[in-house]
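Heads up, the thing below is written out as structure tokens.
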There are 2 protein chains.
Amino acid sequence: MGNLADRIEEYLKQILEKTTEGYIVLQRSELAGEFECVPSQINYVLDTRFTVERGYLVESRRGGGGYLRIIRLGLGIEGQYQQVMRQLIGEHLSRDRSNALVNRLLDEELVTIREAALIKSILSGNNLAGEFRDWDTLRASLMKDILTTLSRDDLV
Amino acid sequence: MGNLADRIEEYLKQILEKTTEGYIVLQRSELAGEFECVPSQINYVLDTRFTVERGYLVESRRGGGGYLRIIRLGLGIEGQYQQVMRQLIGEHLSRDRSNALVNRLLDEELVTIREAALIKSILSGNNLAGEFRDWDTLRASLMKDILTTLSRDDLV
DNA sequence: AGATTATTGACCTTTCCTGACCTTCTATTA
DNA sequence: TAATAGAAGGTCAGGAAAGGTCAATAATCT
């Protein structure tokens, strides 16, 4: 509980809590400097503690002026996103089921009409009939990405 | 967001916003002077930030009385953006280009932030790396579907 | 002891910035 | 009028400044 990774995790979560933006931006090397560790230790913490499953999204940019951005994922209304997401893990999602799912999100006002139409048009996948062999698996995977995006705290 | 290239980009976009002509004219060396950098840095900014995908055109002239002209490309009115966009998409669409195009839609307020994030998460997902042979073609096809959906009259 | 988790360091990729050198255009001048 | 000097902008390669990856080792847990 007192190891380095845990302390860095704690520190980051603390400032993430405080922010109203829903995200924080930082420099990897700088943070590593504060904790007097090697920079890749920061990646270890991000990879193991700030995953989608745990409610975070990490974006980054290299080169001069590079940065790390950690985004908080909210629960949506009563944790709907996560609930649906758990059901999707490792699953195949048929076109019918995905449509039903999107309709439910629409009912619960978690997405707008336009968003729903967008998602459907993509997941219906008329484009790739034949081209892609396991479209149902792809659909499940895309659905997870969609739900993750919808729950981003920095988009409200 | 604090590096030189970003600041120059910001500055140029700001004066482009203000102008009513839809373009600005400037001297490379003069601008370089203002930002206290080498002139070729200006080219770097123009090459990486003011591309066609991002909605800009750059013209220039050398020699005495030379200049740079940055033109903001509007997407036109009344559904004309559809045509322009489709042209830009073509048959293959890389991840970087698709992100640029979505940002453009956002700039033009044709999509919301959430919609933009949604589209990006789907089109730039690492999901299918490897699985699908021609992801760039699929991306182009999906992007066109998305445009069609966005212009549906029944979704206003 | 064996398995899992943490830590480090060497090496890689991306993005940015600079400077040396190149090309084009205008103006002047022999 | 032809040559040329000067005033733009263009190109490209190299170095610097980020962050990313991976495998080897150390520490901790069961």
Side-chain angles (χ1 to χ4, degrees), chain A residues 1-13 15-16 23-54 56-71, chain B residues 1-13 15 23-54 56-71 94-100 103 120 124-127 129-130:
Chain A
M1 213 39 116
N3 68 37
L4 185 52
D6 286 340
R7 277 187 290 122
I8 296 174
E9 174 188 11
E10 203 55 37
Y11 171 75
L12 290 176
K13 285 190 173 166
I15 45 181
L16 256 168
Y23 70 92
I24 57 173
V25 178
L26 51 104
Q27 309 268 131
R28 187 181 75 152
S29 54
E30 195 180 298
L31 186 61
E34 283 173 40
F35 282 91
E36 289 173 321
C37 65
V38 92
S40 57
Q41 176 70 2
I42 307 301
N43 294 86
Y44 177 72
V45 174
L46 293 177
D47 288 347
T48 56
R49 272 63 168 186
F50 292 84
T51 63
V52 172
E53 292 81 26
R54 296 187 182 213
Y56 301 91
L57 218 55
V58 178
E59 291 176 349
S60 70
R61 192 165 171 183
R62 307 186 184 190
Y67 59 83
L68 293 172
R69 180 199 306 266
I70 308 177
I71 302 160
Chain B
M1 215 35 140
N3 66 41
L4 185 52
D6 287 340
R7 278 187 290 121
I8 296 174
E9 175 189 9
E10 201 60 33
Y11 171 75
L12 290 175
K13 286 190 173 166
I15 46 181
Y23 68 84
I24 55 175
V25 178
L26 50 102
Q27 309 269 129
R28 186 180 75 152
S29 54
E30 195 180 299
L31 186 60
E34 282 174 42
F35 282 93
E36 288 172 322
C37 66
V38 91
S40 58
Q41 176 71 2
I42 307 301
N43 294 86
Y44 177 73
V45 173
L46 293 178
D47 289 347
T48 56
R49 309 335 208 228
F50 292 85
T51 63
V52 174
E53 289 87 24
R54 295 186 183 213
Y56 301 92
L57 215 57
V58 178
E59 290 175 351
S60 70
R61 201 166 159 176
R62 307 185 184 192
Y67 60 84
L68 292 173
R69 181 199 306 264
I70 307 177
I71 303 161
S94 73
R95 194 198 299 195
D96 281 355
R97 291 215 323 135
S98 86
N99 271 333
N103 282 334
K120 281 188 202 172
S124 67
N126 292 326
N127 257 318

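Each chain gets a letter, A, B and so on, in the order the sequences are listed, and its residues count up from 1.
For the pair A:Leu26 CG and D:dA18 P, the computed distance is 13 Å after rounding to whole Å. Distance A:Arg7 CZ to C:dA6 C1': 12 Å, rounded to the nearest Å. As rounded to whole Å, 10 Å separates atom P of D:dC12 from atom CG of B:Asp47. We find that CD1 of A:Ile42 is positioned 11 Å from P of C:dT7, with the value rounded to whole Å. Atom CG in A:Asn43 sits about 16 Å away from atom C1' in C:dT5, given to the nearest Å. Atom CD in A:Gln27 sits roughly 20 Å away from atom P in C:dT14 (whole-Å rounding). In this structure, CD of A:Glu9 is placed 12 Å from P of C:dT7, rounded to the nearest angstrom. One interatomic measurement links the two molecules: CG of B:Leu68 to C1' of C:dT24, which rounds to 14 Å at whole-angstrom precision.
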Pairs under 3.5 angstrom, nitrogen or oxygen only, protein versus nucleotides 17-21 of chain C, please.
residue: C:dC17; atom: OP1; partner: B:Leu4; partner atom: N; Å: 2.9
residue: C:dC17; atom: OP2; partner: B:Ala5; partner atom: N; Å: 2.8
residue: C:dC17; atom: OP2; partner: B:Gln41; partner atom: NE2; Å: 2.7
residue: C:dG19; atom: O6; partner: B:Ser40; partner atom: OG; Å: 2.6

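To the nearest 0.5 Å, atom OG of residue B:Ser94 and atom CD of residue B:Glu53 are 7.5 Å apart. With values rounded to the nearest 0.5 angstrom, A:Leu12 atom CG is found 4.5 Å from A:Ile70 atom CD1.
At the phosphate of D:dA18, neither OP1 nor OP2 sits under 4.0 Å from any side-chain N or O atom of A:Ser60. The phosphate of D:dG10 has neither OP1 nor OP2 within less than 4.0 Å of any side-chain N or O from B:Arg61.
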Show the atom names and distances, to 0.1 Å, of all donor-acceptor pairs under 3.5 Å that link a side chain in residues 40-50 of chain B to residues at least two apart or in another chain.
residue: B:Asn43; atom: OD1; partner: B:Arg28; partner atom: NH1; Å: 2.6
residue: B:Thr48; atom: OG1; partner: B:Tyr44; partner atom: O; Å: 2.8
residue: B:Arg49; atom: NE; partner: B:Glu9; partner atom: OE1; Å: 3.2
residue: B:Arg49; atom: NH2; partner: B:Asp6; partner atom: OD1; Å: 2.5

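Closest non-hydrogen pair, A:Pro39 versus A:Ala32, comes out as CA-CB, 3.7 Å. Taking every heavy atom of both residues into account, B:Ala100 and B:Arg54 meet most closely at CB-CG, 4.1 Å. Minimum heavy-atom separation, B:Gly2 to B:Arg7: O-NE, 3.4 Å. Shown here for A:Leu68 and A:Ser60, the closest heavy-atom pair between the two residues is CD2-CB, 3.6 Å.
You won't find any donor-acceptor pair under 3.5 Å spanning the side chain of A:Arg62 and the base of C:dT15, going by distance alone.
Residue contacts for B:Arg69: at a heavy-atom cut-off of 4.0 Å it reaches no nucleic acid atom on any strand shown. Residue B:Arg49 is in sugar-phosphate contact alone, with no base atom involved, counting any heavy-atom pair closer than 4.0 Å across all strands shown. Among the heavy atoms of the strands lying under 4.0 Å from A:Gly64 is at least one base atom, whether or not backbone atoms are also near.
Both B:Leu46 and A:Ser29 sit near DNA chain D, but only B:Leu46 has its closest nucleotide nearer the 5' end.
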